[in-house]
Amino acid sequence: MAVNYKSVPMREQLPDIRRKNFDEVPLGYSEEEAVEEAQRCLQCPKAPCISGCPVNINIKGFIKHIQNREFKEAVNVIYESDTLPCVTGRVCPQEDQCQAKCVVGVKGEAVSIGRLERYVADRDLEQRANDTKSIEINENLKAAVIGSGPAGIACAADLAKAGIKVTVFEGFHKLGGVLVYGIPEFRLPKRIVETEIETLKKLGVEFIKDTLIGRALTIDNLFEKGYKGIFIASGAGLPKFMGIPGENANGVYSANEYLTRVNLMKAYKFPEYETPVLKGKSIAVIGGGNVAMDAARTAIRLGSEKVYLIYRRTEAEMPARLEEVHHAKEEGLIFKMLTNPVSYSVDDKSFVKKIECISMELGEPDSSGRRRPVPVNGSNFEIDIDVAIVAVGTTPNPLIAKTTPDLKIGKYGEIPVDENNMTNKPGVFAGGDIVTGAATVITAMGAGRNAAASMIRYFSDIEQ
Amino acid sequence: MIKIIEKYKLGPGMNFALLDAPLIAESAEPGQFVIVTIDEKSERIPLTIADFDRENKTISIVFQEMGKGTHRLANMQAGDFLYGVLGPQGNPSVIHENKDVIIIGGGIGIAPVFPIARKLTAHGNRVTSIIGYRNKDYVFWEDKMNAVSSSLLIATNDGSYGEKGFVTDLLKKEIESGKNIDEVIAIGPPIMMKAVSDMTREHSIKTIVSLNSLMVCGMGMCGACRVTVNNEIKFTCMDGPEFDAHQVDFNELMQRLGTYKNDEQKCFEDWQEENNGC
Ligand SMILES: Cc1cc2nc3c(=O)[nH]c(=O)nc-3n(C[C@H](O)[C@H](O)[C@H](O)COP(=O)(O)OP(=O)(O)OC[C@H]3O[C@@H](n4cnc5c(N)ncnc54)[C@H](O)[C@@H]3O)c2cc1C
Ligand SMILES: Cc1cc2nc3c(=O)[nH]c(=O)nc-3n(C[C@H](O)[C@H](O)[C@H](O)COP(=O)(O)OP(=O)(O)OC[C@H]3O[C@@H](n4cnc5c(N)ncnc54)[C@H](O)[C@@H]3O)c2cc1C
Ligand code: FES
């Protein structure tokens, strides 16, 4: 059979239209398109794609089912390893993971594994929510999950399916972690996250919102209240700033603040929704990852005339998903590569007016193997702006560490765990960004499932 | 959902509400605050825990009508439900033993100093409280403050009650009287806290203030509340809200509070118009 080197494109909203709305950009495959794309899969005996997946989804297996139009069977294969395929099908960096290993991809375009995953998962989303029934729960086996992001959701699901009584504690007034406050609607529709949460509730999982562990209750309080196992999935939410002059000017945001105002608090519907955000005519976004890309594309949608992406390395080193970089360019984002901010200047009311930058060049490779950017002396220049968004990374929130004296904490505030996702404190497990630092949805989800498996073993040990 | 058990006016534009909040009441300490969301559309509104009752599982908030959020909150009644109340947030006040402490509360800031004064007194400190109101119509919680202070001094801007002047005028007298003062704790509008801080700095008296920066999350993940303290970035919600007054950049705090002035005003005016219309 001749190999087809071109993948079936996915229909998407045109750039000029989507610049003005928050609706999802790629529109998804039709059944025919999905089957056609699935036919491109060679069903290689070794299926290297599977080893490229952080949770080793049986990719070859699920694609085979799509080839046979067995869509329910296909998604069931995915559920074996992935709790949230509607989400990961949309946000995984497939080009660095499964699709990077695809044999078809050596000579042509890799099979669009992510799009196929999304297709079968979307087809099943409502159905699965309807079909879910709670199973008998052992009220004596109580587990607490801290945080409702992908790690917490995945862990809670597996624990509940094993008949353990699970309570999820979430600081925010909405559930879903970064999936609701960070990643924008145009990349991940919130109804997907809501449906996943509904499914969990049907499984018997209890959610307590507006409750921050470390303040309202400590880890030790949870044990006193009868929880026998605790999973910490509190993410890496503390924004970093650069420490340059003028960074506290009005109009300089962390990406987390900007995205939280717009996504979680719906500032794009101000004043109907009451949280404001500065819209700005000319906006600088600093960083090169998914967070920077999301902030920049949000700014475009809020009507800014010019949005600059300021990144100190080159486009090749940008950690953002390829598809988002591509989409952002189409939407008119102005790339200022090899550029680093030095300071901000303000007007007489302390609103930011200009960002001063310096040009960079690539020097010797650093510890990450990427060539280190070094400033070019005397190359300083200014850009007129009225809003700046800093997206240069986040660190773990120190609250749980500070209020759990006997919990071991790593150098960067992360919580170290063993291969069972167990911490040094008996009965306390951790996973997701709080362990790895800012990473990906799929690794957080995988950690949640691994932790759940260990917790189930731990529960059966203490029961005996 | 959190139920409002009791709700009444304390004075012009000033409100008291008692909330049924068992989990928060269980662990709340003086100096901490909550983040209130009225409904899905509301802002996240930070308010200090003005009192708490572990036995009855309640907390109290006292708030001034500023913009749309606090006006809408003021329109709610006993029996209504709030969408969410996050807390207790922030670090509890540090309470020393057996010291001479001056507590200063300005306007609505009198509510948050009350539980601090009560705990200080319970820990054997001698507490002189200085409280200031705009005029006699705004006087509230005088009796409560009196009960937890060794002595209570009152000022109004126009002299219609207590002494005429500002809290700083009364503080000046206390300092000049030569009494021992180990610590000053001041809560009120930023301009008042700055004035107190400038005065005590001259006399090298340790001073604590509670900052009311803008906030979104109230739990350390957005940085909206950042302030400069001792030339370093601090997050009010996580590192504060109380800080050493002499190290706080008050000008920056006040400038940042003005970030959304235009939007807030428009939001409020639209709302007022709508409400007068029907
Ligand atoms: C803007 C943005 C875009 C991204 N884009 C992508 C992408 O395209 N692809 C991808 O794979 N990854 C992406 N990521 C990264 C990915 O979202 C994270 O790696 C992932 O969400 C981590 O999951 P988690 O469950 O560990 O933590 P989070 O999703 O961070 O969830 C943690 C939750 O815990 C809550 N919490 C924290 N502390 C407490 C406490 N003490 N008590 C109670 N609750 C608490 C928080 O409020 C939060 O809801 C992106 C991240 C951001 C911010
Ligand atoms: C830790 C802390 C404790 C506080 N405790 C009290 C209290 O006990 N009683 C009380 O009356 N007020 C308190 N405040 C101030 C109160 O939060 C604001 O007055 C309120 O958010 C205004 O909301 P609004 O929608 O009515 O007004 P808006 O129209 O939003 O704004 C009116 C004014 O309030 C200020 N403001 C707006 N939003 C915020 C915000 N999210 N955080 C802080 N200030 C804001 C702005 O500077 C603005 O000038 C506290 C603030 C903080 C940070
Ligand atoms: S309010 Fe978000 S970090 Fe303090």
Side-chain angles (χ1 to χ4, degrees), chain A residues 169-174 178 181-182 208-212 214-218 221 234-241 243 247-261 264-267 269-279 346 349-351 390 394-395 397-399 402, chain B residues 2 23-24 26-28 32 34-45 67-69 72 83-91 216-228 232-233 235 238 249 251-264 266-271:
Chain A
F169 293 91
E170 169 57 51
F172 266 125
H173 63 289
K174 286 240 170 84
V178 169
Y181 78 70
I208 300 185
K209 300 186 285 186
D210 278 312
T211 303
L212 202 64
R215 290 284 190 220
L217 295 165
T218 62
N221 292 151
S234 52
L238 208 74
K240 278 192 215 163
F241 288 92
E247 213 171 18
N248 285 357
N250 296 0
V252 180
Y253 289 103
S254 75
N256 268 9
E257 180 185 352
Y258 188 77
L259 291 170
T260 301
R261 283 181 182 273
L264 187 74
M265 307 308 292
K266 299 205 171 26
K269 296 187 184 164
F270 181 87
E272 183 200 350
Y273 283 74
E274 292 162 11
T275 302
V277 69
L278 294 177
K279 297 226 166 85
V346 298
K349 294 211 172 80
S350 293
F351 281 79
V390 185
T394 52
T395 54
N397 192 316
L399 191 56
K402 270 204 316 209
Chain B
I2 297 274
L23 204 54
I24 303 175
E26 209 173 288
S27 61
Q32 293 188 298
V34 290
I35 301 265
V36 174
T37 32
I38 301 171
D39 53 31
E40 285 217 44
K41 293 182 177 173
S42 104
E43 271 192 271
R44 296 168 64 84
I45 305 171
K68 182 168 169 188
R72 285 216 293 141
Y83 182 81
V85 180
L86 163 70
Q89 297 306 98
N91 297 301
V216 180
C217 70
M219 50 195 230
M221 51 75 49
C222 77
C225 64
R226 63 195 192 276
V227 289
T228 302
E232 272 179 56
I233 292 188
F235 288 3
M238 293 301 286
D249 184 342
N251 291 335
E252 184 185 271
L253 171 73
M254 289 188 271
Q255 275 152 359
R256 286 184 61 83
L257 279 170
T259 305
Y260 302 101
K261 230 182 197 132
N262 298 340
D263 282 333
E264 283 158 356
K266 177 154 187 342
C267 184
F268 181 48
E269 284 167 4
D270 287 358
W271 176 79

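These numbers were taken from a predicted model, which means no experiment stands behind them. Every chain is numbered from 1, with letters handed out A, B, ... down the list of sequences.
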Best-contacting candidate, B/Gly90, B/Gly223, B/Gly218, against chain A by heavy atom pairs under 4.5 angstrom = B/Gly90
May I ask you to name which of A/Ala216, A/Ser254, A/Ala249 has the most heavy-atom pairs under 4.5 Å with chain B?
-> A/Ala216
A/Thr275 and side chain to side chain contact (heavy atoms under 4.5 Å, CB included): which partner among A/Lys269, A/Lys266, A/Arg261?
-> A/Arg261
B/Ile233 portion near chain A, given a 4.5 angstrom heavy-atom threshold = side chain
Anything under 30° is parallel, anything over 60° is perpendicular, the rest tilted; go ahead and classify A/Phe172 against A/Tyr181.
-> tilted
Heavy-atom side-chain proximity of A/Met265 to A/His173 below 4.5 angstrom | yes
Flag the pair A/Leu217 / A/Phe169 as yes when at least one side-chain heavy-atom distance between them is below 4.5 Å, and no otherwise.
-> yes
Check the pair B/Val34, B/Gln89 against side-chain contact (heavy atoms from CB on, under 4.5 Å), reporting the backbone distance first and the verdict last.
-> CA-CA 6 Å; B/Val34 290; B/Gln89 297 306 98; over 6 Å; no
Checking heavy atoms, do the side chain of B/Glu40, its backbone, both or neither come under 4.5 Å from chain A?
-> both
What part of B/Glu252 lies closer than 4.5 angstrom to a heavy atom of chain A: side chain, backbone, both or neither?
-> side chain
Side-chain donor-acceptor pair present, B/Arg256, A/Asn248, cut-off under 3.5 Å | no
Side chain from CB out, backbone as N, CA, C, O: work out which of these in B/Arg44 comes under 4.5 Å of a heavy atom of chain A, or both, or neither.
-> both
Chain B contact via A/Thr260 - which portion, at a heavy-atom distance below 4.5 Å | side chain
Indicate yes or no: at least one non-hydrogen side-chain atom of B/Ile24 is less than 4.5 angstrom from one of B/Val85.
-> yes
Among A/Val390, A/Ile208, A/Val252, the residue with the most heavy-atom pairs under 4.5 Å to chain B is A/Val252
Which region of B/Val216, side chain (C-beta onward) or backbone (N, CA, C, O), has a non-hydrogen atom less than 4.5 Å from a non-hydrogen atom of chain A, or is it both or neither?
-> side chain
Heavy-atom distance under 4.5 Å to chain B: side chain of A/Leu259, backbone, both or neither?
-> neither
Scored by heavy-atom pairs under 4.5 Å with chain B, the best of A/Gly235, A/Pro239, A/Gly214, A/Ser350 is A/Pro239
For B/Asp270, is it the side chain, the backbone, both, or neither that has a heavy atom closer than 4.5 Å to a heavy atom of chain A?
-> side chain
In terms of heavy-atom pairs under 4.5 Å with chain A, which of B/Gly220, B/Gly84, B/Gly69, B/Ser27 leads?
-> B/Gly220
Looking just at side-chain N and O atoms, do B/Ser42 and A/Glu274 make a donor-acceptor pair shorter than 3.5 Å?
-> no
Note, A/Thr394 side chain near A/Leu238 side chain (heavy atom, < 4.5 Å) | no
What part of B/Glu26 lies closer than 4.5 angstrom to a heavy atom of chain A: side chain, backbone, both or neither?
-> side chain
Checking B/Asn91 against chain A: side chain, backbone, both or neither under 4.5 Å from a heavy atom?
-> both
Interface check, chain A: of B/Arg226, B/Arg72, B/Met219, B/Glu232, most non-hydrogen pairs under 4.5 Å belong to B/Arg226
Applying ring-ring contact (aromatic ring centres under 6.0 Å, His included), name anything that partners A/Phe241, two or more places apart in sequence or on another chain.
-> none
